[in-house]
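Take a look at the structure set out below.
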Amino acid sequence: MRVVIIGGVAGGATAAARLRRLDEFTEVVILERSGYVSYANCGLPYYIGGVIADRAKLTLQTPESFRNRFDIDVRVRHEALSIDRAAKTVLVEKLDEGTTYELPYDKLILSPGARPAVPAIPGVESSRLFALRTVEDTFAISDFIEREKPKCAVIVGGGFIGLEMAENLVERGIRVSLLQRDDHVMPVLDADMAAPVQIRIREEKIDLRLGADVTGFSEDGAGIRVMVRGRKPIEADFAVLAIGVRPESELAKQAGLELNARGFIRTDAHMRTSDEDIYAVGDAVEVVHAVTGLPTAIPLAGPANKQGRIAADNICGIPSTYDGSQGSSILKLFDLTVAATGLNVRDAEAAGLDCDYALLLSPSHATYYPDAKPMTLKVVFEKPGGRILGAQIVGYDAVDKRIDVLATAIRARMTAADLETLDLCYAPPYSSAKDPVNMAGYVIGNLLDGRVRQARWSEALGCGEGGILLDIRTPTEFAQGSLEDALHIPLDELRGRLGEVPAEKRLYVYCQSGLRSYVACRILSQRGFDCANVAGGYGYFEQVSLEAPFEPESVGPCGLRS
């Protein structure tokens with residue numbers, strides 16, 4: 001049997017290695033149109049930033065290593081031009097020679113990946129406009145920087161690649177303007193969770209411009225000009241386009257395979273396409289969302305690896321199934337870590353789920369042990385049962401382990417009650433006796449059981465004459481920042497000062513993080529007061545309110561403040 005795999009990297013290379021481990025005698029051929037078959041795609045920005053210094057480190061497997069270890073025929077710079085499903089052949093071009101040949105197959109795996117999205121606007125062909133998807137793209141950007149010694153750059157797009165590129169260009173000493181068309185960076189986050197990320201971006205002197213709709217590019221002497229709708233053009237030495245990806249599914253379309261409306265290849269749970277002898281894996285395929293059960297597309301390396309393994313299993317007679325993706329992802333941004341899994345509030349509501357969320361500001365480990373760092377958690381849950389739907393965390397230390405626990409909880413369809421009982425590791429340097437994940441369960445449980453009413457800051461600040469803000473922080477905390485109209489009564493004095501609290505008004509109670517204010521609400525509610533705990537506390541309010549909007553008149557070329 002001959003299995004032909006079109007495309008390498010995560011999905012295709014994984015499928016090839018799994019095929020060989022399962023079957024020593026199947027002929028396996030990988031066709032890869034670039035010069036690299038298996039490389040560290042997620043590590044590419046860090047080569048540009050100099051964190052990864054050796055080009056060879058980006059290559060995980062070479063054609064020679066595949067041949068020596070797995071007896072797999074890897075043909076780089078060979079592009080699949082078309083598929084003849086009736087004859088079960090692939091028409092292949094040797095790119096370095098310009099010649100073509102037909103390659104028969106018994107089973108075919110499509111792993112074409114995705115290409116950078118390029119808008120239909122003027123100037124996208126500029127030699128000073130780059131995208132980052134392949135090793136060749138990486139070397140082109142790095143070589144340009146070495147050769148031209150640019151001082152400033154514009155990055156279009158505030159997703160993973162855009163933010164990683166911004167960080168790494170700053171590390172190279174390049175001034176960066178970062179343009180995002182939406183109202184916040186990192187679309188996997190809700191806007192409130194993106195606020196501390198945007199604060200951190202601006203702390204690094206990156207010129208972040210939100211709501212910036214790029215309309216075109218033009219070369220201007222030794223630089224590039226970026227046109228933005230309704231704003232002055234931005235001049236820079238070069239620009240990077242990072243607005244997302246599109247599936248490389250044209251080959252599948254020409255072969256008559258079933259695609260969805262967005263051009264992603266449709267497969268069943270075995271990764272089989274509408275042709276029983278053709279499988280598809282990776283960034284070009286439609287998947288089922290593990291939380292909603294609805295079709296979606298989540299182009300990430302982890303799912304691609306799993307899908308490649310499952311396709312190989314099924315070709316070898318093992319009926320493996322892919323149970324869906326939930327979009328678990330993480331980003332390093334200077335010293336900040338940003339992570340998400342499952343659904344954010346926007347997507348949960350769009351899926352028709354009755355949901356709510358809990359906000360927590362928790363330390364990374366016991367506060368009496370040195371160097372505890374703050375982290376903000378937002379955990380989305382379904383009502384009334386409390387099933388965990390999604391989570392977002394922004395912090396400094398140990399964010400990854402908390403998001404991984406929550407990702408596992410989501411996959412296991414755990415509820416808030418399950419989070420409460422999780423037996424997680426504890427020692428003062430690593431956590432608290434009640435880990436932030438446990439605390440999320442407690443907070444959600446209290447909301448579901450009606451022990452406390454939760455209010456958003458928007459509700460609290462707009463409470464009008466019928467409500468009052470009650471700040472129960474310590475005098476020291478209050479002195480460091482407060483709201484003008486708030487009534488300040490420290491929690492430890494509350495029972496003795498209840499006469500100062502207006503009984504006829506709804507109380508919007510907050511502390512620094514939302515935990516002590518829960519205690520205050522329990523005191524007040526059991527004494528007949530109408531009260532609500534303001535989610536996230538004053539610390540969360542500071543994060544959101546301090547995130548300043550873009551001020552176009554204050555920014556000059558290359559992100560220089562005027």
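Starting from 1, each residue takes its place in the sequence as its number.
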Evaluate side chain to side chain contact (heavy atoms under 4.5 Å, CB included) for I410 paired with L343, printing each intermediate quantity in order.
-> CA-CA 10 Å; I410 292 168; L343 300 174; over 6 Å; no
Would D435 and L422 satisfy side chain to side chain contact (heavy atoms under 4.5 Å, CB included), going step by step from the backbone distance to the final call?
-> CA-CA 9 Å; D435 188 86; L422 284 178; over 6 Å; no
Evaluate the side chain to side chain contact (heavy atoms under 4.5 Å, CB included) criterion for residues Q198 and M186: first the C-alpha distance (whole Å), next the side-chain angles of each, then the deciding distance (0.1 Å), finally the verdict.
-> CA-CA 10 Å; Q198 290 161 184; M186 293 292 289; over 6 Å; no
Full working for side chain to side chain contact (heavy atoms under 4.5 Å, CB included) between R133 and I161 = CA-CA 9 Å; R133 187 66 181 175; I161 296 298; over 6 Å; no
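Of the possible polar contacts, one joining the R202 side chain to the L208 backbone as a donor-acceptor pair under 3.5 Å is found. Side-chain N or O atoms of T267 include none that pairs as donor or acceptor with a backbone N or O of A280 at under 3.5 Å. Judged by distance alone, with hydrogens and angles left aside, the side-chain atoms of Q180 form a donor-acceptor pair with the main-chain N or O of G158 at under 3.5 Å. Looking only at distances, no side-chain donor or acceptor of R272 sits under 3.5 Å from a matching main-chain atom of D275. Checking side-chain atoms of N314 against main-chain N and O of S320 turns up a donor-acceptor pair under 3.5 Å. For Q392 (side chain) and D190 (main-chain N/O), a donor-acceptor pair under 3.5 Å exists by modelled atom type. Between the side chain of R18 and the backbone N or O of A312, no donor-acceptor pair lies under 3.5 Å. Side chain of Q326 to backbone of A407: a donor-acceptor contact under 3.5 angstrom is found. Judged by distance alone, the side chain of R309 and the main-chain N or O of A15 form no donor-acceptor pair under 3.5 Å. Counting only distance, with no hydrogens or angles, the side chain of S517 and the backbone of A520 share no donor-acceptor pair below 3.5 Å.
For A339 against L189, the heavy-atom pair with the smallest separation is O-CD2, 4.3 Å. Of all the heavy atoms in V185 and A194, the pair that sits closest is O-CB, 3.6 Å. Nearest heavy atoms, V509 versus C531: CG2-CB, 4.2 Å. What you find for P247 and D283 is that their closest heavy atoms are CB-O, 4.5 Å. Smallest separation of non-hydrogen atoms from I444 and A358: CG1-CB, 3.7 Å. Counting all heavy atoms, side chain and backbone alike, L389 lies closest to C355 at CD1-CB, 3.9 Å.
Contact annotation: the side chain of I315 never approaches that of D23 to less than 4.5 Å [non-hydrogen atoms, C-beta and beyond]. For the pair I206/F334, a side-chain contact is recorded, criterion being any heavy-atom separation below 4.5 Å from C-beta on. Using a 4.5 Å cut-off on side-chain heavy atoms (C-beta onward), R473 and S482 make contact. A heavy-atom distance below 4.5 Å is not found between the side chains of V399 and V394. A 4.5 Å side-chain heavy-atom check between C425 and Y430 finds every atom pair outside the cut-off. Proximity of N446 to V443: side-chain heavy atoms (C-beta onward) are nowhere separated by under 4.5 Å. Between L470 and Y508 the shortest side-chain heavy-atom distance does not fall below 4.5 Å. Side-chain contact between T321 and I310 is absent, with no heavy atoms from C-beta onward closer than 4.5 Å.
Taking the ring-ring contact (aromatic ring centres under 6.0 Å, His included) definition, one finds that F478 meets it with H488, sequence neighbours left out.
Enclosure of atom NZ in K434 is not indicated, since only 12 or fewer non-hydrogen atoms of other residues, nucleotides or ligands lie within 6.0 angstrom. More than 12 heavy-atom neighbours from other residues, nucleotides or ligands sit within 6.0 angstrom of CZ on R21. Other residues, nucleotides and ligands contribute over 12 non-hydrogen atoms within 6.0 Å of the CD atom of E203. Residue R346 qualifies as enclosed at atom CZ: its count of foreign heavy atoms under 6.0 Å is above 12. Within 6.0 Å of atom CG in D354, more than 12 heavy atoms from other residues, nucleotides or ligands are found, so the atom counts as buried in its surroundings. Around the CZ atom of R200, the shell of radius 6.0 Å holds more than 12 heavy atoms that belong to other residues, nucleotides or ligands.
Among pairs with a residue in residues 336-372, those fulfilling ring-ring contact (aromatic ring centres under 6.0 Å, His included) read H365-Y369, at least two apart in sequence or across chains.
The distance from the CD1 atom of I278 to the CG atom of L108 is 5.0 Å, given to the nearest 0.5 Å. Here the straight-line distance linking atom OG of S513 with atom CG of L359 works out to 11.0 Å at 0.5 Å rounding. Residue Y279 holds its OH atom at 14.0 Å from CD of Q307, rounded to the nearest 0.5 Å. Within the model, atoms CZ of R451 and OG of S525 stand 11.5 Å from one another, a figure rounded to the nearest 0.5 Å. In this structure, CG on L419 lies 8.0 Å from CG on N438, to the nearest 0.5 angstrom. How far OG1 of T341 is from CD1 of I393: 9.5 Å, rounded to the nearest 0.5 Å.
Using modelled atom types and a 3.5 Å distance limit, the side chains of T474 and R516 yield no donor-acceptor pair.
Salt-bridge check for R411 with D323: failed, with every basic side-chain N at 4.0 Å or more from each acidic carboxylate O. Between R456 and D356, at least one side-chain N (NZ, or NE/NH1/NH2) sits under 4.0 Å from a carboxylate O, which counts as a salt bridge.
Taking the six-membered ring where the residue is Trp, Y538 and Y510 present parallel rings, their angle staying beneath 30° rather than reaching 60°.
Among S362, S431, S364, the single residue meeting the side-chain hydrogen bond (donor to acceptor under 3.5 Å, both in side chains) criterion with R402 is S431.
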